[in-house]
2 protein chains.
Amino acid sequence: MFIFSPAMHVGAKKIGGELSERLSTGGFRFTPQRQHVYAVVLQKRDHPTAEEIFIRTKRTMPEISHATVYNCLDALVTCGLVRPVQLERGATRYCPNMEEHCHYFCDACGEVFDVPLQKDSPMKTGLKGFKVDHFDIAVHGLCAACAGKTKK
Amino acid sequence: MFIFSPAMHVGAKKIGGELSERLSTGGFRFTPQRQHVYAVVLQKRDHPTAEEIFIRTKRTMPEISHATVYNCLDALVTCGLVRPVQLERGATRYCPNMEEHCHYFCDACGEVFDVPLQKDSPMKTGLKGFKVDHFDIAVHGLCAACAGKTKK
DNA sequence: TCAAGATTTAGAATAATTCTAAACTGGAGA
DNA sequence: TCTCCAGTTTAGAATTATTCTAAATCTTGA
């Protein structure tokens, strides 16, 4: 039987169960690779790219391949456990926070901040006949630290 | 002297003047290539990719190169005449509508709809110390036509 | 007119992602 | 238990999107 990676120290059993359930609901199998990738995405919620997730996953599963990381991420996205985030031209990032929130992106240092949406947003009914599935809100600018540096 | 392309039939002089002014304010030169690319982006506002813009621009300027289209688009973005839009993984799209608006994207047919933002959005003050430059809002789902097809 | 710097060009290079074919895995049924 | 099958993984090739490079060309200001 598969022993869960030491990287995943908090609520492993619960998260494993949730993952397993979601995967099978989505018609996917529960595999060690998917478990590792999901653990990596949950562990450091800094909106990593697929490449970054690949590197981190290799630490506990050195034989994992590039294509598998993409496959796992696609499965996780389809199952609603992870969201893809496009903040700039280039690599897609991944976010395991499935609450309704927006991303504040610092154009200077590249850091991403999750900010919950307070009120029910106006996107729900903005276009007649359009059936909304979800929305992505990216706010660009300078984070407090970078704004301070620039000003002086 | 450069004669403006027949593709640009409405308000050419005004748009040319606006373009010229914005470019020089941004420290760029006014070139035929930039004029053609901007005309193409204005002409059919269907959020084309750089590749699509390249193909359309070749119709009136067959010798233009790929790199130049990217260069021109970057200049236009920097000058605030065009916005880059990331709606999916893959190629960046370009939008010449500089009003505050969001993009409704049909995941079925790929069509993009501009929808103005009614009220002052809550993104202005969402994160303490963050200096907002602009925001991008993408709403995913099904357009009226595709939602109708799926339902039946 | 000339020089400096900006721009354009074709094509090479890089980055991000997807595809391919072969090997592997685990569960269903004999 | 054995075998088959579909799903999954793997390495590496292929594709797509974008950026880089170096040479040629163009503009602008002195």
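Quick caveat, the model's predicted, so the values are computed rather than measured. Below, read A as the first sequence line, B as the second, and so on, with proteins coming before strands; counting in each chain starts at 1.
Neither side chain, B:N97 nor B:R83, offers a donor N or O lying under 3.5 Å from an acceptor on the other.
For the pair B:Y70 and D:dT18, the criterion of a side-chain N or O lying under 4.0 Å from OP1 or OP2 is met. In this structure, B:T68 does not reach the C:dT7 phosphate: none of its side-chain N or O atoms is under 4.0 Å from OP1 or OP2. Here A:R34 reaches the OP1 or OP2 of D:dT9: one of its side-chain N or O atoms lies under 4.0 Å away. Contact annotation: B:S65 does not reach the phosphate of C:dG11 (side-chain N/O to OP1 or OP2, under 4.0 Å). In this structure, A:Q33 reaches the D:dT10 phosphate: one of its side-chain N or O atoms is under 4.0 Å from OP1 or OP2. The side chain of A:R89 places an N or O atom within less than 4.0 Å of a non-bridging phosphate oxygen (OP1 or OP2) of D:dT19.
For the pair B:M61 CE and C:dA10 P, the computed distance is 12 Å after rounding to whole Å. When rounded to the nearest whole Å, the span between NE2 of A:H66 and C1' of C:dT17 equals 8 Å. Taking atom CG on A:D74 and atom P on D:dG7, their separation rounds to 16 Å, with Å as the unit. Straight-line distance from the CZ atom of B:F54 to the C1' atom of D:dA17: 13 Å, rounded to whole Å. Between A:N71 atom CG and D:dT10 atom C1' the separation is 11 Å, expressed in whole Å. At whole-Å resolution of the value, OH in A:Y94 and P in C:dA16 are 12 Å apart. Atom CD in B:E88 sits about 15 Å away from atom C1' in C:dT18, given to the nearest Å.
When heavy atoms are screened at a 4.0 angstrom cut-off, A:T31 is found touching the sugar-phosphate backbone but no base atom. Nucleic acid contact class of A:A67 (heavy atoms, under 4.0 Å, all strands): base. Among the protein residues, B:T49 comes within range of no part of the nucleic acid, since none of its heavy atoms lies under 4.0 Å from any strand. Among the protein residues, B:E51 comes within range of no part of the nucleic acid, since none of its heavy atoms lies under 4.0 Å from any strand.
Both A:G90 and B:V69 lie near DNA chain C, and the one whose nearest nucleotide falls closer to the 5' end is B:V69.
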(request) Could you please spell out the steps behind the side chain to side chain donor-acceptor pair (under 3.5 Å) verdict for A:H36 and A:T57? (result) CA-CA 6 Å; A:H36 275 261; A:T57 306; over 6 Å; no

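The cluster map of Ile, Leu, Val, Met, Phe, Trp and Tyr, joined by side-chain heavy atoms under 4.5 Å apart, puts A:L76 and A:V69 in the same cluster.
No more than 12 heavy atoms of other residues, nucleotides or ligands sit less than 6.0 Å from atom CD of B:E99. Other residues, nucleotides and ligands contribute more than 12 heavy atoms inside 6.0 Å of the NZ atom of B:K58.
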